[in-house]
There are 2 protein chains.
Amino acid sequence: MASEAAKETANPGSVRPGGRTARVRSAVLRAAGDALAEHGLAGLDLADVARRAEVGRTTVYRRWGNPVALVADLLVEMAEQSLPRTETGTLAGDLRANARLVRRTLADPRQGPLFKAVIAAATCDSRAAAALHRFYETRVDEWAPCARQAVERGELPPGTDAREVIRAVSAPLYYRLLTTAEPLDEAAADRAADAAVAAARAGAFVTTAE
Amino acid sequence: MASEAAKETANPGSVRPGGRTARVRSAVLRAAGDALAEHGLAGLDLADVARRAEVGRTTVYRRWGNPVALVADLLVEMAEQSLPRTETGTLAGDLRANARLVRRTLADPRQGPLFKAVIAAATCDSRAAAALHRFYETRVDEWAPCARQAVERGELPPGTDAREVIRAVSAPLYYRLLTTAEPLDEAAADRAADAAVAAARAGAFVTTAE
């Protein structure tokens, strides 16, 4: 269904019912994101989302049913809207680019609270958790080639788990966002990237499985 | 108030009203922890907590007022109940001990869901967030001497931010818990510790500020 919706979105001038369905989904998910960013998960209300999206309440209730289903669908859309990774030619450059992108997202006044809210939703509901896991899998898969290429270039030891390298960049930024009041500044992003590079070079992410 | 309550708890046979207050708090917070572990934040209900704690509903409503205040107080108690750090004589040994302790906590059938729930609460409410930040500050402060001693022993470069070293150990474990469906096994804990050691040795946590 997700890829069907994506196809429809690629056809914005379409007047087919499918095109309308995709536009409704897009408006509703945008409104849900706004509501989550403003009030967090506890303040997500389907009637409020319908009003913000200028869509009939019945449509929203029939299609999503409850706030958690809305969060799960929002995560599907977030995974679809992914941006291509940066290629700088060195692992250190690629991971700094990744860390700064993650930092910008988490420090953004709309995106930061939105990410906190979807993580909170995932702790409450297994469907939201599954959608969140898929979202991060998509993101990690997009950037893992940076680490694989670093292995090919001889920058990292053979057998390095590329996905663990990418996760190592994001982890300190999310941990800082969720457990401290300290600012997510660019220095924190660069430190996260540099720490991941140093650990990867030292072989901390070498697994026998890969 | 927190330290007053701690003093009272140290006197379990006391019949002073203060002693009773501390026992009620202890029973209510235990029940709140159970409820959070079982149903997550969305299922935390004061009447249910009062029933589980075998305490009058009015007492719970008067003293805590709402679920978020209960979560905040639970975090105060969790910070009080802290355990002393392990000293093995090497940074690698100390950080592996720390990582395994964090892993055991997050993989525990009661504690894991409880930590997810308090993190979710912190995304919804600034008082819960402040209590969560203080809890992690306490934990980080307890373990930071490992990294400071490693600097003194010449294992780490001067100017290493000891608290960032400790946070680097926990971050990948929390990130794994919150964003993946992958198991929090001992291998993940050891990898987190080893990565932090390698990054710290390479100077990734050297700051001009410290």
Give me the atom names and distance for the closest heavy-atom approach of B/I166 to B/V140. CG2-CA, 4.2 Å
Could you tell me whether a side-chain N or O of B/T88 sits under 3.5 Å from a main-chain N or O of B/D94, the two making a donor and an acceptor? yes
Checking B/E137, B/H133, B/R139 against B/F135 for side-chain contact (heavy atoms from CB on, under 4.5 Å), the one that qualifies is B/R139
May I ask you to decide if B/F205's main-chain N or O and B/E164's side chain share a donor-acceptor pair within less than 3.5 Å? no
Does any backbone or side-chain atom of A/E182 lie under 4.5 Å from a heavy atom of chain B? Answer side chain, backbone, both or neither. side chain
Would B/D48 and B/E38 count as a side chain to side chain contact (heavy atoms under 4.5 Å, CB included) here? Give the steps. CA-CA 12 Å; B/D48 171 52; B/E38 281 171 40; over 6 Å; no
Give the interface residues of residues 192-201 of chain B toward chain A, defined by a heavy-atom separation under 4.5 Å. B/D194, B/A195, B/A198, B/A199
Looking only at heavy atoms, which two atoms of A/D141 and A/P145 are closest? And how far apart? O-CD, 3.3 Å
Polar side-chain atom of A/T160 near backbone of A/A162 as donor-acceptor pair, under 3.5 Å: no
Minimum heavy-atom distance between A/G89 and A/E155, given as atom pair plus value: O-OE2, 4.3 Å
Evaluate side chain to side chain contact (heavy atoms under 4.5 Å, CB included) for B/L70 paired with B/L29, printing each intermediate quantity in order. CA-CA 7 Å; B/L70 201 49; B/L29 295 184; 4.0 Å; yes
Neighbourhood of chain A inside residues 100-120 of chain B, taking heavy atoms under 4.5 Å as contact: B/K116, B/I119, B/A120
Qualifying residues under salt bridge (Lys or Arg N to Asp or Glu O under 4.0 Å), relative to B/R57, sequence neighbours excluded: none
B/D73 and B/E77: CA distance, side-chain angles, deciding distance, side chain to side chain contact (heavy atoms under 4.5 Å, CB included) verdict: CA-CA 6 Å; B/D73 198 28; B/E77 198 199 38; 5.9 Å; no
Could you go step by step and tell me if B/T21 and B/R63 meet the side chain to side chain contact (heavy atoms under 4.5 Å, CB included) rule? CA-CA 10 Å; B/T21 303; B/R63 182 144 175 201; 3.0 Å; yes
Those residues of residues 170-181 of chain A that come under 4.5 Å of chain B on a heavy-atom basis, listed by number, are A/S170, A/A171, A/P172, A/Y174, A/Y175, A/R176, A/L178, A/T179, A/T180, A/A181
Check whether any side-chain N or O of A/T138 sits under 3.5 Å from a backbone N or O of A/R134 as a donor-acceptor pair, and report yes or no. yes
